[in-house]
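Structure, as structure tokens:
Values below: every heavy atom of this structure, side chains too, minus hydrogens, waters and symmetry copies. In this text the structure is predicted, and so the values were computed from the model without any measurement.
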Amino acid sequence: MGALDGLRVLDLSRVLAGPYCTQMLADHGAEVIKVESPAGDETRGWGPPFLSEGTSAYYANLNRGKKNIVLDLSGPDGRSLLGTLLAGADVVVENFKAGTLARWGWPDETIRAEYPALIHCRITGFGTDGPLGGLPGYDAVLQAYGGLMSVNGEADGPPLRIGVPVVDVVTGVLGFSGILLALHERARSGLGQLVDCSLLDTVISLLHPHSAAWLADGAVPRRTGSAHPSIAPYETFSTADGLFFVGAGNDRQFAALVDVLGAPGLASDPRFASNADRVANVGALRAELSVLIGQYKRDSLAELLLAKGVPASPVHDIAEAMNAPQVRHREMVVERDGYRGVGVPVKLGRTPGCAAESPRSPGADTREVLAAAGLSREEVERALAKGAAHSELAKGAAHSERAKGVADGGRS
């Protein structure tokens, strides 16, 4: 029994932010019904690697534990089926282009009137109104527009995209959080509401401490590589066998760091006596520490520093991180019943959540979902015959028309 057992979620989203949000809901027990068009979620084809024909590793990491139904929302019959599913849902998550649901007959006011208890989570690039309202946005576009790229990279190099789609991922987490807030409020009022998430809002919320510094003094922040603009030392150094990160966030940690390194006098050096002093003299500090740290091997130095309460780590690659003993101890890599994936990051004491089954093939649950929604067997078969719904699409068909997008909709 998960914390969200009994909650029914209609997942109309594609690509990353929406599917990640709904996967988190599924991990904690919600019944999530992923609706794909005959063209399918384009991330099924984002590979290699592929886990099976038509299912990329990218897609699989965002869509486990969901039922799958294929609807053709380009016509009235498919949209009618969607209305039936909306009537039985607690939550709907979508990232259509602004105005798509309204064009299909469900503007916000109609959703509120027809489904008053429904929680509607909308994910867009820039929001639906304002100078850029309704325009498309992808993670990297928002990293650029929102200033995140400008503070990522080496000081003498160009702005860089952060190597993971952090804006999309965090938007998914914020959508998950917003849905939980709305569910809590619904328990009191009985009413649903709109959860309005945009990639733009997310990226601006991620700019700390650079946004706080600019608001305080108006100076445009500069890139500092792996170093921190207001804490020192807080950056990467080279050891005898690889890169190493250390972050001493207070004077006690700095004193412990230089003591382990065999140079305790640096803690009383006027240039490094306080964090403000260390930031002002970061070049000199970096030169001193580089020589000392370079004499150690990274794993042994990490062990020494962590034992003294100094945050530090070797700079791991993905394989090293995924195989790290603490990562495995925290069950953040799941391997069971033929499924391999990332574990559940939100852990509850009594209802810890579960990384459930592998993603379903397109249309695998169409008949079951429509029957559960109240359609008779004859009605289900009629919908399939008319092409309003599809069941168990042939392998490869789900991404053969990828350019079409989701019917008349599309990604935010």
Side-chain angles (χ1 to χ4, degrees), residues 4 6-15 17-19 21-22 25-26 30-37 66-67 69-130 133-136 171-172 174-199 201 369-370 372-375 383 388-389 405-412:
L4 299 178
L7 187 75
R8 179 172 292 171
V9 179
L10 198 58
D11 181 4
L12 304 180
S13 67
R14 298 157 45 234
V15 187
C21 169
T22 54
L25 296 169
E31 178 192 13
V32 177
I33 301 168
K34 182 174 178 69
V35 179
E36 294 192 53
S37 77
K66 305 176 186 180
K67 295 178 179 178
I69 176 173
V70 173
L71 297 181
D72 184 354
L73 300 178
S74 64
D77 294 326
R79 295 172 192 174
S80 177
L81 293 174
L82 177 58
T84 300
L85 295 177
L86 284 170
D90 295 291
V91 178
V92 61
V93 179
E94 53 95 357
N95 61 350
F96 293 123
K97 292 177 182 176
T100 297
L101 280 180
R103 190 167 66 252
W104 289 347
W106 291 292
D108 289 354
E109 54 271 21
T110 299
I111 291 176
R112 294 277 66 79
E114 293 192 11
Y115 317 111
L118 181 68
I119 292 165
H120 174 194
C121 179
R122 173 190 292 146
I123 297 173
T124 60
F126 292 92
T128 58
D129 52 18
L135 295 182
T171 300
L174 293 177
F176 173 79
S177 303
I179 289 167
L180 298 185
L181 290 172
L183 286 169
H184 179 76
E185 195 279 335
R186 190 178 74 172
R188 179 172 64 247
S189 69
L191 298 173
Q193 59 182 297
L194 177 66
V195 178
D196 181 5
C197 296
S198 76
L199 303 186
D201 294 356
V369 169
L370 292 180
L375 275 71
V406 173
D408 295 337
R411 191 175 186 280
S412 55

OG of S37 to CG of L12: how many Å apart, nearest 0.5 Å?
11.5 Å
L174 vs D201, test: side chain to side chain contact (heavy atoms under 4.5 Å, CB included). Steps then yes/no.
CA-CA 10 Å; L174 293 177; D201 294 356; over 6 Å; no
R186 side chain to A117 backbone, donor-acceptor under 3.5 Å:
yes
Could you state the interatomic distance from CD1 (I179) to NE2 (H184), rounded to the nearest 0.5 Å?
16.0 Å
Let me know which of D196, D108, N95 forms a side-chain hydrogen bond (donor to acceptor under 3.5 Å, both in side chains) with R122.
D108
Show the numbers, then the answer: is there a side chain to side chain contact (heavy atoms under 4.5 Å, CB included) between L370 and L81?
CA-CA 8 Å; L370 292 180; L81 293 174; 4.3 Å; yes
For residues H120 and E94, is any side-chain donor paired with an opposing acceptor at under 3.5 Å?
yes
Examine the side chains of D77 and S80 and answer whether a donor and an acceptor come within less than 3.5 Å of each other.
no
Does T22 reach the main-chain N or O of G18 with its side chain, forming a donor-acceptor pair under 3.5 Å?
yes
Donor-acceptor side-chain pairing of T110 and E114 below 3.5 angstrom
no
For the pair K34 (side chain) and S13 (backbone), establish whether a donor and an acceptor sit closer than 3.5 Å, ignoring hydrogens and angles.
yes
Could you state the interatomic distance from CZ (F96) to CG (L73), rounded to the nearest 0.5 Å?
6.0 Å
Partners passing salt bridge (Lys or Arg N to Asp or Glu O under 4.0 Å) against E31 (at least two apart in sequence or in another chain)
R8, K67
Just do the side chain to side chain contact (heavy atoms under 4.5 Å, CB included) check on L25 and F176 with the steps written out, would you?
CA-CA 7 Å; L25 296 169; F176 173 79; 3.5 Å; yes
Sequence neighbours excluded, which residues qualify as side-chain hydrogen bond (donor to acceptor under 3.5 Å, both in side chains) partners of S177?
none
Give, for atom CG of L183 and atom CG of L7, the distance between the pair rounded to the nearest 0.5 Å.
5.5 Å
